[in-house]
Amino acid sequence: MAKAPILTPQADDFPRWYQDLINKAELADNGPVRGTMVIRPYGYGLWERMQQEMDARIKKAGAQNAYFPMFIPQSYLTREAEHVEGFAPELAVVTHGGGKDLEEPVVVRPTSETIINEYFSKWVQSHRDLPLLINQWANVVRWELRPRVFLRTTEFLWQEGHTAHATYEDARDYAAMIHTDVYGDFMTNVLGIDVVLGRKTVKERFAGAINTLTLEGMMGDGKALQMGTSHELGQNFAKVFNTTYQLQGAEREFVWQTSWGVSTRMVGGLIMSHGDDNGLRVPPRLAAVQAVVLAIKGDDAVIAKVREIGAKLEAAGIRTVVDDRTDTPFGRRAVDWELKGVPVRIEVGPRDLEAGTAMLARRIPGGKEPVQIDSLAAVLPGLLDEDQALLLRQSRERREARTVDVTTLDECVEAAATGWGRISWAELGPEGEAKLAEQGVSVRCLIAADGSVPTSYDQEGNIAIVARAY
């Protein structure tokens with residue numbers, strides 16, 4: 001009788017496979033309140049690495065980290081009509097505190113444009129205060145009706161950047177730079193996901209923005225996932241909160257603003273982009289554990305050798321864990337590390353010691369081969385680079401193979417059943433977009449004819465990417 005698979009095969013039930021993997025790889029659990037999640041240490045380690053990589057890029061872009069309260073007076077949100085209308089269905093509102101009714105209800109932060117602008121209006125006085133570039137790492141709450149761990153949860157973790165500029169051009173260029181140099185670089189070169197950078201339609205853009213730039217990734221089942229966004233806010237919030245700066249004379253001018261963010265949704269994107277029927281496959285540049293050294297048996301010499309190997313790999317700059325828990329069967333431990341997607345396993349037993357070799361198992365391309373123990377520290381960096389490149393190539397090949405050019409609404413729906421469709425925006429337009437939405441298909445973004453990000457919503461030659469989305 002065939003042994004039951006550890007995970008539901010992707011081809012049988014992709015959503016079940018996703019949930020199985022989160023559980024078996026010990027990434028997260030459902031929280032006690034519907035839609036919340038408990039992120040377990042291994043899953044949080046992935047998020048910490050994402051934070052580290054992103055934070056370095058954000059600071060290089062000139063932004064500084066700060067922190068703002070999670071409780072926002074409800075009146076703040078009602079000042080910007082489009083903004084409050086966009087978030088109203090998702091708001092969590094506190095009406096009682098300290099055993100009595102609050103004088104004014106407070107909203108648990110769904111995003112921080114309003115409260116941050118309250119303080120920007122105090123901090124910005126003259127052109128010398130600009131640009132003001134702020135980022136915060138925080139949690140937000142949006143009352144999710146259809147929760148799914150990492151992808152859509154009532155509470156999630158993210159970073160949100162908020163900036164104020166003297167001119168429209170400065171704000172526009174900064175939002176675009178975050179889109180490409182911060183988010184695009186990170187997702188492509190660290191996450192190994194071949195994201196499409198584009199511009200949202202008016203229907204899909206952020207509530208209160210004049211333009212939203214997006215990064216869309218194709219998941220293993222062909223659906224799209226919005227991985228991150230960067231918004232031009234124009235002067236909408238500046239006018240509501242009277243955020244102005246003084247020119248060289250007495251005249252005052254409203255600032256131009258941006259906001260931008262990525263969240264723990266990227267962990268879900270990582271799982272669904274690279275995972276297979278054996279578990280996670282973590283890109284080496286992201287992995288908190290790039291190599292695990294396993295003792296096959298509890299032999300003193302083997303234990304000593306795996307610890308020695310672990311120390312040498314760490315000294316060589318490879319993030320390494322030594323697994324010498326020989327009271328747990330080796331097969332179980334090997335499967336656990338495979339589920340967690342650690343790029344490299346180095347397996348050492350008594351016979352390996354005699355031969356001066358270790359068995360090297362590569363998670364991303366698969367396969368095993370013996371390698372001289374003394375050469376591991378020199379060999380592994382190159383192999384990890386190969387594996388990083390392979391994940392990106394596979395992500396790109398999947399997207400290209402499952403994206404087709406279409407010309408009608410019916411063809412859009414057909415393409416979205418297994419992947420993405422590309423259709424002329426001039427032919428589709430807002431009316432066609434609305435009809436597609438009735439069938440569960442959305443315009444994920446607009447791209448220019450050459451694949452670049454359009455400079456305007458109605459730019460001639462724009463192409464709409466249509467798909468079913470998470």
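Source: prediction; values computed, not measured. Just the heavy atoms: all of them, side chains too, but no hydrogens, waters or symmetry mates, feed the values below.
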*Asks:* What pairs with W260 under ring pair (Phe, Tyr, Trp, His ring centres under 6.0 Å), at least two apart in sequence or on another chain?
*Replies:* none

*Asks:* For atom CD of Q459, decide whether the heavy atoms of other residues, nucleotides or ligands shown that lie under 6.0 angstrom number more than 12.
*Replies:* yes

*Asks:* Salt bridge check, K435 against E431: does any charged N sit closer than 4.0 Å to a carboxylate O?
*Replies:* no

*Asks:* Answer yes or no: is there an ion pair linking R79 with E118, defined by an N-O contact shorter than 4.0 Å?
*Replies:* yes

*Asks:* Return the NE2 to CG distance between H274 and L286, rounded to the nearest 0.5 Å.
*Replies:* 8.5 Å

*Asks:* Before you tell me yes or no, could you show the steps for L392 and T188 under side chain to side chain contact (heavy atoms under 4.5 Å, CB included), namely the whole-Å CA-CA distance, both residues' side-chain angles and the distance that decides it to 0.1 Å?
*Replies:* CA-CA 7 Å; L392 180 60; T188 301; 3.9 Å; yes

*Asks:* Any salt bridge linking R363 with D276? Criterion: basic side-chain nitrogen under 4.0 Å from a carboxylate oxygen.
*Replies:* yes

*Asks:* Check this for me, if you would: do E26 and K340 make a salt bridge, where the nitrogen-to-carboxylate-oxygen distance has to be below 4.0 angstrom?
*Replies:* yes

*Asks:* Which residue, R199, R399, K200, forms the salt bridge (charged side-chain N to carboxylate O under 4.0 Å, His left out) with E216?
*Replies:* K200

*Asks:* Classify the side-chain pair Q394/R281 by whether it contains a donor and acceptor separated by less than 3.5 Å.
*Replies:* yes

*Asks:* Measuring from atom OG1 of T264 to atom CD of E155, what distance do you get when rounded to the nearest 0.5 angstrom?
*Replies:* 9.0 Å

*Asks:* Counting N and O atoms only, with roles assigned by atom type, does the side chain of K239 sit under 3.5 Å from a partner on the main chain of F254, one being a donor and the other an acceptor?
*Replies:* no

*Asks:* Is the backbone of N189 close enough, under 3.5 Å, to the side chain of R285 for a donor and an acceptor to pair up by distance?
*Replies:* yes

*Asks:* Looking at R325, I want to see if its CZ is surrounded by more than 12 non-hydrogen atoms of other residues, nucleotides or ligands under 6.0 Å.
*Replies:* yes

*Asks:* Kindly give the heavy-atom pair with the smallest separation between Q257 and A164, and that separation in Å.
*Replies:* CG-CA, 4.1 Å

*Asks:* Looking at H162, H165, H179, which hits ring-ring contact (aromatic ring centres under 6.0 Å, His included) with Y174?
*Replies:* H165

*Asks:* P343 and V282: which non-hydrogen atoms are nearest, and at how many Å?
*Replies:* CG-O, 3.4 Å

*Asks:* Find the distance between CG (D185) and NZ (K60) and round it off to the nearest 0.5 Å.
*Replies:* 8.0 Å

*Asks:* Hey, are D387 and R362 close enough for a salt bridge, meaning a charged N less than 4.0 Å from a carboxylate O?
*Replies:* yes

*Asks:* Are K59 and D55 close enough for a salt bridge, meaning some N to O gap below 4.0 Å?
*Replies:* yes

*Asks:* For V262 and M227, which heavy atoms make the closest approach, and how far apart are they?
*Replies:* CG1-O, 3.7 Å

*Asks:* So with a 6.0 Å cut-off around CH2 of W137, is the heavy-atom count from everything else above 12?
*Replies:* yes

*Asks:* Please work out whether the ring planes of F237 and F241 are parallel, tilted or perpendicular, with thresholds of 30° and 60°.
*Replies:* parallel

*Asks:* What distance separates L446 CG from L428 CG, expressed to the nearest 0.5 Å?
*Replies:* 9.0 Å

*Asks:* Got a second to check how far T229's OG1 is from E204's CD, nearest 0.5 Å?
*Replies:* 11.5 Å

*Asks:* Using atom types as modelled and distance alone, determine if a side-chain donor or acceptor of R57 lies under 3.5 Å from a backbone N or O of Q52.
*Replies:* no

*Asks:* Could you check whether atom OH of Y119 has more than 12 heavy atoms from other residues, nucleotides or ligands sitting under 6.0 Å from it?
*Replies:* no

